[in-house]
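Here is the structure we will look at.
Sequence lines set the chain letters: A, B, ... in the order given, protein chains first and strands last, and positions in each chain run from 1. The figures here come from the full heavy-atom set of this structure, side chains too, leaving out hydrogens, waters and symmetry mates.
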Number of protein chains: 2
Amino acid sequence: MTNPADFYTPYADRFKLLGHPVRLQILDDLRRNPECVCHLEAALRRPQPYISQQLRVLREAGVVADRKDGLNVYYHLVDPQTATLLNAALGPVLPETRNLREKLPDCTCPKCAPPLVAEITLVES
Amino acid sequence: MTNPADFYTPYADRFKLLGHPVRLQILDDLRRNPECVCHLEAALRRPQPYISQQLRVLREAGVVADRKDGLNVYYHLVDPQTATLLNAALGPVLPETRNLREKLPDCTCPKCAPPLVAEITLVES
DNA sequence: TGTGCATATTTGGCAAATCGCATATGATAC
DNA sequence: GTATCATATGCGATTTGCCAAATATGCACA
């Protein structure tokens with residue numbers, strides 16, 4: 001006999017996924033813009049393996065997906081139901097923050113780092 | 001120095017609260033109608049101490065409140081933000097199920113039990 | 001004052017989540 | 001090939017959550 005609460009388990013699982021401050025912040029970032037791991041690492045100030053672990057949890061739950069671009073891996077939000085919950089909890093994304101990629105000094109990805117310019121220092125020979 | 005994710009902790013805590021099938025079902029019941037513990041016990045088919053424990057978690061989080069009425073204790077939803085999340089996840093309450101108290105055969109509270117009528121059986125003496 | 005009823009709390013064992021750290025993978029540049 | 005860079009995975013220790021069972025509280029009524 002199936003348990004009456006089984007109906008609620010998938011919903012509870014999604015809530016549980018959001019019930020973690022780091023994952024929640026990652027999702028709040030990703031709903032504005034796809035981001036690479038190094039960007040999240042810099043924004044959250046957590047070690048890279050830890051970010052990667054949480055991204056795996058989100059990926060295996062089908063909430064985010066990744067796309068390689070050169071050396072970097074960009075994650076983006078794919079689950080509309082999760083976006084709905086984020087809107088309900090955190091409010092809708094402010095239009096002026098959507099697709100706005102802030103430059104993080106600790107992020108080295110090509111979309112963050114300013115293009116390199118030659119820097120020549122003259123010294124006495 | 002405060003952690004950047006601290007901003008998200010209160011939101012994550014609320015999600016965590018909903019991230020449990022039994023608590024979620026309790027809240028889904030309570031958003032329709034205040035219910036006594038015995039009613040939830042019968043609806044969820046779980047032992048009474050277990051229901052009471054989950055109610056305590058919800059109560060201490062400020063999501064539900066209780067009101068005594070005679071021998072029974074009725075719980076009701078008090079947090080509008082939680083109601084918003086329930087709507088976003090489970091959909092709005094169908095109007096025809098609001099304030100509809102189903103009679104549960106295992107619930108003995110006065111609002112559930114049909115009023116007693118005399119039942120007289122004649123037997124041969 | 002005792003007895004019964006509805007609900008609450010405590011305790012404890014076990015499973016799962018969390019998170020730090022070491023290391024592996026896989027692609028690119030040299 | 002080797003080195004390097006971004007990211008992923010594995011492992012272990014600690015913490016937290018879950019749930020069952022026993023017991024406690026508190027109130028109403030006789």
Side-chain angles (χ1 to χ4, degrees), chain A residues 3-5 8-9 12-26 34-61 64-76 104 106-113 116, chain B residues 3 5 8-9 12-26 34-61 64-76 104 106-113:
Chain A
N3 194 297
Y8 292 92
T9 302
D13 286 343
R14 203 178 311 259
F15 277 125
K16 203 177 303 181
L17 211 64
L18 304 189
H20 185 287
V22 168
R23 286 197 296 268
L24 194 52
Q25 184 173 5
I26 289 175
E35 299 289 0
C36 66
V37 178
C38 65
H39 188 98
L40 296 169
E41 183 186 350
L44 292 166
R45 305 182 158 280
R46 302 275 181 151
Q48 172 271 321
Y50 180 63
I51 300 289
S52 241
Q53 268 181 91
Q54 299 300 343
L55 285 170
R56 168 149 81 154
V57 173
L58 295 171
R59 178 166 22 92
E60 289 182 346
V64 304
D66 61 315
R67 203 194 78 243
K68 280 194 223 312
D69 183 6
L71 275 183
N72 301 294
V73 177
Y74 288 81
Y75 280 84
H76 59 283
L104 293 176
D106 295 346
C107 182
T108 59
C109 80
K111 296 194 180 171
C112 262
L116 288 183
Chain B
N3 193 297
Y8 292 92
T9 303
D13 285 345
R14 204 180 307 261
F15 277 125
K16 207 178 298 184
L17 213 65
L18 304 189
H20 185 286
V22 166
R23 287 196 295 268
L24 193 54
Q25 184 173 6
I26 288 175
E35 300 290 359
C36 66
V37 178
C38 66
H39 188 99
L40 295 169
E41 184 186 348
L44 292 165
R45 304 183 158 282
R46 302 274 182 151
Q48 173 271 321
Y50 180 64
I51 300 289
S52 239
Q53 268 182 99
Q54 301 299 343
L55 285 171
R56 168 149 81 153
V57 173
L58 295 171
R59 177 166 24 92
E60 290 182 345
V64 305
D66 60 318
R67 203 194 78 243
K68 281 194 222 312
D69 183 5
L71 277 183
N72 302 293
V73 178
Y74 288 81
Y75 281 83
H76 59 284
L104 293 176
D106 296 344
C107 182
T108 59
C109 80
K111 297 194 179 171
C112 261

Letter per nucleotide, 5' to 3', of nucleotides 16-21 of chain D [B base touched, S only sugar-phosphate touched, - untouched; heavy atoms, 4.0 Å]: --SBBB
Between D:dG26 (C1') and B:D69 (CG): distance, integer Å: 16 Å
Distance in angstrom units between A:R67 CZ and D:dT7 P, rounded: 12 Å
Side chain proximity check, B:L55 to B:L40, heavy atoms < 4.5 angstrom: yes
Presence of donor-acceptor pair under 3.5 Å, side chain of B:Q48 and base of C:dA8: yes
Note, B:L44 side chain near B:Q25 side chain (heavy atom, < 4.5 Å): yes
For atom CG of A:D66 and atom P of D:dA8, their distance in whole Å: 7 Å
Student check: side-chain heavy atoms of B:I26 and B:L58 closer than 4.5 Å: yes
pair B:V37-B:Y74: side-chain heavy atoms closer than 4.5 Å: no
Divergence of helical axes at both termini of the helix from C:dT1-D:dA30 to C:dC30-D:dG1 - five pairs an end, 10° steps: 10°
d(CG, B:L44; P, C:dT7) in whole Å: 14 Å
Expected output: side-chain A:R23 to main-chain A:L17 donor-acceptor under 3.5 Å: yes
Rounded distance in Å - CG (A:L71) to P (C:dC30): 11 Å
Nearest listed nucleotide, side chain of B:Y75, among C:dA8, D:dT9, D:dA8: C:dA8
Check: A:A65 main-chain N/O paired with A:H76 side-chain donor or acceptor under 3.5 Å: yes
Check: A:Y75 and A:R59 side chains under 4.5 Å, non-hydrogen atoms: yes
Audit row: B:D69, B:R67, side-chain contact (heavy atoms from CB on, under 4.5 Å) steps and yes/no: CA-CA 7 Å; B:D69 183 5; B:R67 203 194 78 243; 4.1 Å; yes
Whole-Å distance separating the CZ atom of B:R59 from the P atom of C:dT7: 12 Å
Gap between atoms CG and C1', on B:N72 and C:dG4 respectively (whole Å): 14 Å
Side chains of B:Q53 and B:I51 in contact at under 4.5 Å (non-hydrogen atoms): no
For atom CD1 of A:I51 and atom P of C:dC19, their distance in whole Å: 11 Å
